[in-house]
Amino acid sequence: MKSFISMAIAAIAVLLVMEGCKNSNVNIRQMVGTMDEPVPSDVMPDSIQKALNKASRFHNHSLMSDEANEISIESIDVLTQENSSEEFSTQGYGIVITKGAQSVTFINMRNTRQPMAKYNAQTGDLWLTTSAMEGTGVHVDWLHQIRFGENELAYVKTEVNPYGVQQELLNRMRYTIEGETITLYDGDKQLATVTNTVTDMGGFDNEQPLWIGEQLYYDVSCDEPQVVFVPGVKYTTGLVLTYDDMPELTAPFTIDENGMFTIHEISVRRE
């Protein structure tokens, strides 16, 4: 009996050593970013700004209305000038923020890709997202923290450049690949395991298969924003990242009075 128990313990020990060796061979890797530098601030083209200065009428549409707090946000779509029927497109520039009877026009904010906004009456923060980059498979946002002065005029307290958020995520995100299985980590915390189903792209890129930066945006539907991002997969063929099997990841996002942001615990986004 004693011999059997000793043999069993020895067998378990061997299995544990084998499993440890197996796990130690898994290469835990760091992702890379698609953005090489901070995103330049948007600037309305001179031709549009000249037309805006001469405009007698703005043609807007509503982006957000908070009647309880007397706040509204509108995008400027086209302009017309006095004694003229010709319309000038703003080419996606121009957002008007109104509180009470006071309106402020932010001409350099983009209004494409349907900006999202939410006002937190407790903190006095108006959270507004605008497009930083867009295109096929690309969705990257600015996050604006808007406040209102004593005269209720809106001003930008903080603008969060997506590059800085990407860099902070790169400091934390890790992954492993075993066969067709990708496991994502926030530091040592396992976030998700997915199975690759893409079979016509030549397999994972050997040097840098996972990237962050093309899908980086915000959910401002609650009082405080959540950053949302999706890692993209690079294969040996094709020049674009693929997102077919990758989960949306999200984390609470806070900004202090000095404009420094904190990305809190990352998790898989649940609809």
Side-chain angles (χ1 to χ4, degrees), residues 33-44 62-66 69 71-75 92-99 104-135 137-149 153-173 186 212-232 248-267 269:
T34 61
M35 291 177 276
D36 295 327
E37 59 186 6
V39 178
S41 298
D42 290 313
V43 179
M44 176 182 279
S62 177
L63 298 174
M64 188 205 82
S65 179
D66 183 341
N69 293 292
I71 295 173
S72 65
I73 303 177
E74 296 180 314
S75 69
Y93 286 88
I95 288 179
V96 180
I97 300 178
T98 302
K99 189 173 193 308
V104 178
T105 300
F106 297 89
I107 63 172
N108 294 322
M109 285 187 182
R110 300 295 302 276
N111 58 52
T112 57
R113 210 181 187 109
Q114 196 68 17
M116 305 297 291
K118 175 74 174 184
Y119 181 63
N120 184 334
Q122 290 187 328
T123 63
D125 290 318
L126 172 63
W127 298 106
L128 172 66
T129 70
T130 61
S131 180
M133 290 185 284
E134 56 194 64
V138 179
H139 179 185
V140 181
D141 280 349
W142 290 94
L143 179 65
H144 309 276
Q145 181 187 29
I146 310 293
R147 291 212 176 146
F148 299 92
L153 291 175
Y155 67 95
V156 178
K157 176 70 167 58
T158 306
E159 284 183 332
V160 180
N161 194 300
Y163 174 77
V165 180
Q166 171 193 271
Q167 296 305 102
E168 179 59 26
L169 291 173
L170 290 177
N171 288 335
R172 291 173 55 172
M173 292 298 298
D186 175 10
I212 293 176
E214 276 191 356
Q215 293 276 332
L216 181 56
Y217 42 96
Y218 298 90
D219 179 356
V220 294
S221 59
C222 298
D223 286 337
E224 298 296 336
Q226 299 257 335
V227 63
V228 184
F229 64 102
V230 185
E248 278 190 314
L249 302 174
T250 186
F253 192 91
T254 57
I255 302 175
D256 66 21
E257 284 301 310
N258 296 316
M260 302 299 293
F261 67 81
T262 299
I263 300 173
H264 298 275
E265 184 177 0
I266 299 172
S267 61
R269 191 181 190 193

Seminar exercise, completed: Taken in chain and number order and not counting sequence neighbours, the residues that satisfy side chain to side chain donor-acceptor pair (under 3.5 Å) with Asp186 are Arg172
Exercise. Stepwise, does the side-chain contact (heavy atoms from CB on, under 4.5 Å) test hold for His144 with Phe106?
Worked result: CA-CA 12 Å; His144 309 276; Phe106 297 89; over 6 Å; no
Exercise. Are side-chain heavy atoms of Tyr217 and Thr129 found at a separation under 4.5 Å?
Worked result: no
Exercise. More than 12 foreign heavy atoms under 6.0 Å from CE of Met116: is that the case here?
Worked result: no
Exercise. What's the spacing between Met64 CE and Ile95 CD1 if we round to 0.5 Å?
Worked result: 11.5 Å
Problem set entry | Partner residues of Tyr218 under the ring-ring contact (aromatic ring centres under 6.0 Å, His included) criterion, sequence neighbours left out | Phe253
Seminar exercise, completed: The residue among Arg147, Glu257, Gln145 that forms side chain to side chain donor-acceptor pair (under 3.5 Å) with Thr158 is Gln145
Exercise. If you measure from OG1 on Thr130 to CG on Asp141, what distance do you get to the nearest 0.5 Å?
Worked result: 7.0 Å
For this session: Taking the side chain as every heavy atom from C-beta outward, state whether Val165 and Val227 have any pair of such atoms under 4.5 Å apart.
Result: yes
Exercise. Is the shortest heavy-atom distance from the side chain of Ser131 to the side chain of Trp142 under 4.5 Å?
Worked result: no
Exercise. What distance do Trp127 atom CH2 and Tyr119 atom OH have between them, rounded to the nearest 0.5 Å?
Worked result: 12.5 Å
For this session: Check whether any side-chain heavy atom of Gln226 sits under 4.5 Å from a side-chain heavy atom of Arg269, and report yes or no.
Result: no
Seminar exercise, completed: Nearest heavy-atom contact between His264 and Ala251 is O-CB, 3.5 Å
Exercise. What are the two closest heavy atoms between Asn69 and Ala121, and how far apart are they?
Worked result: OD1-CB, 3.8 Å
Exercise. Could you give all pairs that pass the side chain to side chain donor-acceptor pair (under 3.5 Å) test and reach residues 107-116, with sequence neighbours left out?
Worked result: Thr112-Glu134
Exercise. Any chance the side chains of Gln215 and His139 put a donor and an acceptor closer than 3.5 Å?
Worked result: no
Seminar exercise, completed: Heavy-atom nearest pair, Ser221 first then Lys118, reads O-CE, 3.7 Å
Problem set entry | Derivation and outcome, side-chain contact (heavy atoms from CB on, under 4.5 Å), residues Met109 and Val156 | CA-CA 11 Å; Met109 285 187 182; Val156 178; 3.7 Å; yes
Problem set entry | Nearest atoms (heavy-atom pairs only) where Phe229 meets Leu216 | CB-CD1, 3.8 Å
For this session: Please name the pair of heavy atoms, one in Glu168 and one in Phe261, separated by the smallest distance, quoted to 0.1 Å.
Result: CB-CE1, 4.0 Å
Seminar exercise, completed: Per side chain to side chain contact (heavy atoms under 4.5 Å, CB included), Leu126 is matched among Asn120, Ile97, Val220 by Ile97
Exercise. For the side chain of Asn258 and the backbone of Met260, is there at least one donor-acceptor N/O pair under 3.5 Å apart?
Worked result: no
Exercise. Is any side-chain heavy atom of Ile71 less than 4.5 Å from a side-chain heavy atom of Thr98?
Worked result: no
Problem set entry | Verdict with reasoning, Glu214 to Thr34, per side-chain hydrogen bond (donor to acceptor under 3.5 Å, both in side chains) | CA-CA 7 Å; Glu214 276 191 356; Thr34 61; 5.6 Å; no
Exercise. Would you say Asp36 has more than 12 foreign heavy atoms packed within less than 6.0 Å of its CG?
Worked result: no
For this session: Kindly give the heavy-atom pair with the smallest separation between Val39 and Pro162, and that separation in Å.
Result: CG2-CG, 3.6 Å
For this session: Would you indicate whether the side-chain heavy atoms of Pro225 and Leu143 approach each other to under 4.5 Å?
Result: yes
Exercise. In Å and rounded to the nearest 0.5 Å, what is the CD1 to CG distance from Ile73 to Asp66?
Worked result: 9.5 Å
Exercise. Mind checking whether Lys157 and Ile255 have side chains closer than 4.5 Å, heavy atoms only?
Worked result: no
Problem set entry | Stepwise side-chain contact (heavy atoms from CB on, under 4.5 Å) check, Thr123 with Asp223 | CA-CA 9 Å; Thr123 63; Asp223 286 337; over 6 Å; no
